[in-house]
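The next block holds one structure in the form of structure tokens; read it before the comments.
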Amino acid sequence: MSVPKFGFSAFLKIINANPRPQRTSVRKRCGPSTGGYDFHKSLRYRVQQVSFDGLSRAVALASTQQISREPERKSAGQALQQFFRWKDEHPGEFETAAPLTFTSPAGLYKVEFTPDFLLQIGDRRTAVHLWNTKDPLDGRLVRAVLSSVASRYPIEDRPDDFAVLSLKDRTLYRWSEADRETRALGERLLALLDMQFAAARTELGLSTWPGLEEPRTRA
């Protein structure tokens, strides 16, 4: 079995979760991957079209009516409108930024930070990841994990800042706002989640390291 990998929104969700749902999520990640359904893929696709492909806002918004699932259709439409409002408050030309995938300290999971765009905000070229999940965010935890991203991003290509934009309330959480204690917290969070994975693997009778399990013989 390969090492479980979190997209950045999924990682933020588990880091911000209460202990019991966090443990449940970790146990599920230790099992076989089911692929899952990306509820927010349609939103990200339309943001990319508007930001880089010249699609008009009106057409992008109207196209959300083609989304078959009503909750996803409603969520994408509302989030796009919030994104447009935020963009009007932050003028500038969008650029692309490379994603970053890194392995946890103990090697039990991976995290992929994927910027939706790069934008000059103030005096910093900022790589922004969009958050459109209903779960609340703890600003200190978000800045902490952004610090872990920043510390691992290749220096030669590193943006000046990393941020998460919550489209629920247009709040921008920035790595540059993290103090020394918050930046150190990011590494502790990674290590604590490693401990959760180690405990879950033990409970499930899996080997210490992902990828080392031998095929099980059914009785």
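- Here the OG1 atom belonging to T24 is positioned 8.0 Å from the CZ atom belonging to R27, to the nearest 0.5 angstrom.
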> Going through the distances and angles, do R73 and Q66 end up as a side chain to side chain contact (heavy atoms under 4.5 Å, CB included)?
Replying inline: CA-CA 8 Å; R73 181 169 65 248; Q66 301 170 7; over 6 Å; no
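- In terms of heavy-atom proximity, L43 sits nearest to A79 at CD2-CB, 3.7 Å.
- Within the model, atoms CG of L108 and CZ of R29 stand 14.0 Å from one another, a figure rounded to the nearest 0.5 Å.
- F102 and F6 fall within the same hydrophobic cluster, defined by Ile, Leu, Val, Met, Phe, Trp and Tyr side-chain heavy atoms under 4.5 Å apart, directly or through other members.
- Contact check for V145 versus L12: side-chain heavy atoms found under the 4.5 Å cut-off.
- Taking all atoms of both residues into account, the shortest heavy-atom contact from P115 to P99 is CD-CA, 3.9 Å.
- Nearest heavy atoms, A163 versus L146: CA-CD1, 3.9 Å.
- With sequence neighbours excluded, no residue satisfies salt bridge (charged side-chain N to carboxylate O under 4.0 Å, His left out) with R46.
- With hydrogens and angles disregarded, a donor-acceptor distance shorter than 3.5 Å links the side chain of R183 to the backbone of A178.
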> Stepwise, does the side chain to side chain contact (heavy atoms under 4.5 Å, CB included) test hold for D116 with R44?
Replying inline: CA-CA 7 Å; D116 289 284; R44 297 185 185 282; 2.6 Å; yes
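- Interatomic distance, N16 CG to R140 CZ, rounded to the nearest 0.5 Å: 12.5 Å.
- With salt bridges taken as basic N to acidic carboxylate O contacts below 4.0 Å, none links D135 and K168.
- Linking ILVMFWY residues whenever their side-chain heavy atoms come closer than 4.5 Å, directly or via other members, leaves L118 and F113 in distinct clusters.
- Judged by distance alone, the side chain of W131 and the main-chain N or O of T133 form a donor-acceptor pair under 3.5 Å.
- Closest heavy-atom contact between V149 and L100: O-CD2, 3.6 Å.
- With hydrogens and angles left out, the side-chain atoms of S75 and N132 include a donor and acceptor closer than 3.5 Å.
- Ring pair F94/F83 is tilted by interplanar angle, where 30° to 60° counts as tilted.
- Side-chain contact between P4 and F197: present, with at least one pair of heavy atoms (C-beta onward) separated by less than 4.5 Å.
- Between atom CZ of residue F11 and atom OG of residue S104 there is a gap of 9.0 Å, rounded to the nearest 0.5 Å.
- For S56 against V50, the heavy-atom pair with the smallest separation is O-CG2, 4.2 Å.
- Judged as a ring pair (Phe, Tyr, Trp, His ring centres under 6.0 Å), not a single pair has a partner in residues 43-73 (not counting sequence neighbours).
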>> T171 vs L165, test: side chain to side chain contact (heavy atoms under 4.5 Å, CB included). Steps then yes/no.
In response: CA-CA 6 Å; T171 299; L165 172 61; over 6 Å; no
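- Between the side chains of T114 and H129, no donor N or O sits under 3.5 Å from an acceptor N or O.
- Ring orientation note: the planes of W86 and H90 are close to parallel, at an angle under 30° on the 30°/60° scale.
- In this view, D179 and T182 satisfy the side-chain hydrogen bond (donor to acceptor under 3.5 Å, both in side chains) rule, not counting sequence neighbours.
- Between V26 and L193 there is a side-chain heavy-atom pair separated by less than 4.5 Å.
- Looking at T64, its side chain does come within 3.5 Å of a backbone N or O of L61 through a donor-acceptor pair.
- K87 forms no cation-pi arrangement with F117, by the criterion of a distance under 6.0 Å to the ring centre and an angle within 45° of the ring axis.
- The OG1 atom of T126 sits 7.0 Å away from atom CG of L172, with the distance rounded to the nearest 0.5 Å.
- Here the side chain of S25 pairs no donor or acceptor atom with the backbone of P21 at under 3.5 angstrom.
- Evaluation of the side chain to side chain donor-acceptor pair (under 3.5 Å) test over residues 149-158, restricted to residues two or more places apart or in two chains, returns R152-E187.
- In the hydrophobic clustering (ILVMFWY side chains linked at under 4.5 Å, chained through shared members), M195 is joined by L192.
- Taking the side-chain contact (heavy atoms from CB on, under 4.5 Å) definition, one finds that Q120 meets it with R125, sequence neighbours left out.
- V111 has its side chain out of reach of T101: every pair of non-hydrogen atoms, C-beta onward, lies at least 4.5 Å apart.
- Shortest non-hydrogen contact noted between D194 and A106 is OD2-N, 2.7 Å.
- By the 4.5 Å heavy-atom criterion applied to side chains, R143 and R174 are not counted as neighbours.
- Residue-environment remark: CD (E70) stays at or below the threshold of 12 foreign heavy atoms within 6.0 Å.
- Taking CD of Q82 as the reference point, atom OG of S166 lies at 8.5 Å (rounded to 0.5 Å).
- Considering only heavy atoms from C-beta on, D161 comes within 4.5 Å of S176 through its side chain.
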>> Could you walk me through whether D88 and R57 satisfy the salt bridge (Lys or Arg N to Asp or Glu O under 4.0 Å) test, starting with their C-alpha distance in whole Å, then the side-chain angles of each, then the deciding distance to 0.1 Å, before giving a yes or no?
In response: CA-CA 12 Å; D88 287 339; R57 295 183 179 189; 3.0 Å; yes
> Which is it for Y109 and I14 under the side chain to side chain contact (heavy atoms under 4.5 Å, CB included) test, yes or no, and what are the steps along the way?
Replying inline: CA-CA 13 Å; Y109 63 91; I14 194 171; over 6 Å; no
